[in-house]
Amino acid sequence: MRDASRSAAAAGLRPWRTHTVRVREILAEVEGVATYDLAFRDESAGAAYRFAPGQFNMLYLPGAGECAISISEDRATSAGYRHTVRVAGNVTKTLTGLRPGDTLGLRGPFGTSWPITDCIGRDVVLVAGGIGLAPLRPAIGSLMRNARQFGRRHLLYGARSPESLLYWRQYEEWSQAGIRVHTTVDRADSRWTGHVGVATLLLERLDAIDARNAVLMCCGPEVMMRFTIAAALNRGFAPDRIWVSLERNMQCGVGLCGHCQMGGEFVCRDGPVFRYDRVAPFLDVEAF
Amino acid sequence: MDVEHVRYALEELRFLAEVPSEVIARLADAASLQRAASGSVIFREGTRNANLYLLRKGKVALDMKVPGRGSVRILTLGPGEMIGWSALLGEGKMTAGAVALDDSELVVIDSHGLLRLCESDHHFGFQIMRRMAAALAQRLVATRLQLLDLFADLPAGAAAPVRLEPGDGP
């Protein structure tokens, strides 16, 4: 599985080196969520920086701390590096105080990536919940750019309400690129004519798919992912073609500190993107 | 609408996947096809309805009226899914309203006739009730996930669906 990874250490980068990045732009997404477009102050470091869809950076704010944030858009569509952030703690709260032109620290990229090459010649289903769409957006970019390499491509996305659908301005662009975008919300009034219900229902309804040969990538609340996996297995997806992005308290980013340890795996180093059959024994363990 | 056409429609439905053909043939005798234009009401909450519906094409929403909040959309259903279970398992009083969101096509099954079939042929009845139970179990699990409100904003310190930060943990 590690062949899908491009960890900082494997790439020969210096994982402890913190680069100074400047906030180029802040895009308000939905309530409590914003995307920060970050550019390296050292242009040569920026030019050398590479990441793969699904990886994350550690963002550092002096006086507040460091936090792991997924890279939420790839470079083909962004001059800087975009990170979509929901306020959840001290660092992200401090981040909301930044303005364009302010600087912060960045080290990375860390972790494993979505298995884009495994998708060649296969149908692909992306299942996202809430802000879990952010780590999948770079994969959407890859699936758009090399469309002919892949089979049918579906995005199943669930959010709390119509107002909290992330990146809604891009759905039309994704659809035009051949990705069938299916959205659903947990709650809505009768003016909403889209789907209501959880994303697992969308997966159970999906008919234009060769499930036995398809690849499924999933990111969202862990409970949602557990039920998505159950629905996928029930539909005939193979356990070794289901991938999940897990969330844990990641601090060092290179599997040294142990804060994100899950069984024998370190989520920051061996994940965050895992093949399901590798982490299946841990997903039902409460302590993990 | 001939019975063969109805039987063909039933065979296509995910709800009846792997149901023996003789069971589908008997079900077809008690069923018919109905179209519902986008925006049309299939049944209203609180009213009595004698039909069970299986959605063949289109999209149907289930709404419930909540004082002070108006009509709240509970669930949308797609092709292959069942609508109006109260007609078969309840007393026929609808627990939610159903409205077509797209031009839709439904297989309509008279619940009294279906119940008579179930009672007269327990093998048939088992096959039908097994599908009903599976569909309702799936809907129950989905409802539980909605109840969990997984995407709600959580106070700092609680697990949230973003990368956790130092200081957020226990």
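On a predicted model such as this, the values are computed, not experimentally measured, just so you know. Protein chains get the first letters and strands the later ones, always in sequence-line order, with residue 1 at the start of each.
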- Going from CG on A/L166 to CZ on B/F151, what distance comes out if it is rounded to the nearest 0.5 angstrom? 11.5 Å

- Task: Measure distances from B/L147 to the heavy atoms of chain A and classify the residue's part below 4.5 Å as side chain, backbone, both or neither.
- Result: neither

- For B/L145, is it the side chain, the backbone, both, or neither that has a heavy atom closer than 4.5 Å to a heavy atom of chain A? both

- CD of B/Q138 to CG of A/N234: how many Å apart, nearest 0.5 Å? 8.5 Å

- Query: So what's closer than 4.5 Å to chain A heavy atoms on B/A142: side chain, backbone, both or neither?
  - Reply: both

- Task: Decide yes or no on salt bridge (Lys or Arg N to Asp or Glu O under 4.0 Å) for A/D189 and B/R69, but give the supporting numbers first.
- Result: CA-CA 8 Å; A/D189 63 25; B/R69 290 172 57 188; over 6 Å; no

- Note on the structure: Value for NZ (B/K65) from OG (A/S190), rounded to nearest 0.5 Å, stands at 8.0 Å

- Task: Give a yes or no on whether the backbone of A/W192 and the side-chain of B/R73 come within a donor-acceptor separation of less than 3.5 Å.
- Result: yes

- Scored by heavy-atom pairs under 4.5 Å with chain B, the best of A/V267, A/T200, A/L201 is A/L201

- Against chain B, label A/A159 side chain, backbone, both or neither, depending on which of its atoms sit under 4.5 Å from a heavy atom there. backbone

- To the nearest 0.5 Å, tell me how far B/L75 CG sits from A/R187 CZ. 13.5 Å

- So, are B/E81 and A/R205 salt-bridged, with charged N and O less than 4.0 Å apart? yes

- Under 3.5 Å, side chain of B/T76 to main-chain N/O of A/V196, donor-acceptor pair present? yes

- Message: Is B/V99 in contact with chain A via its backbone, its side chain, both, or neither, using a 4.5 Å heavy-atom distance?
- Response: neither

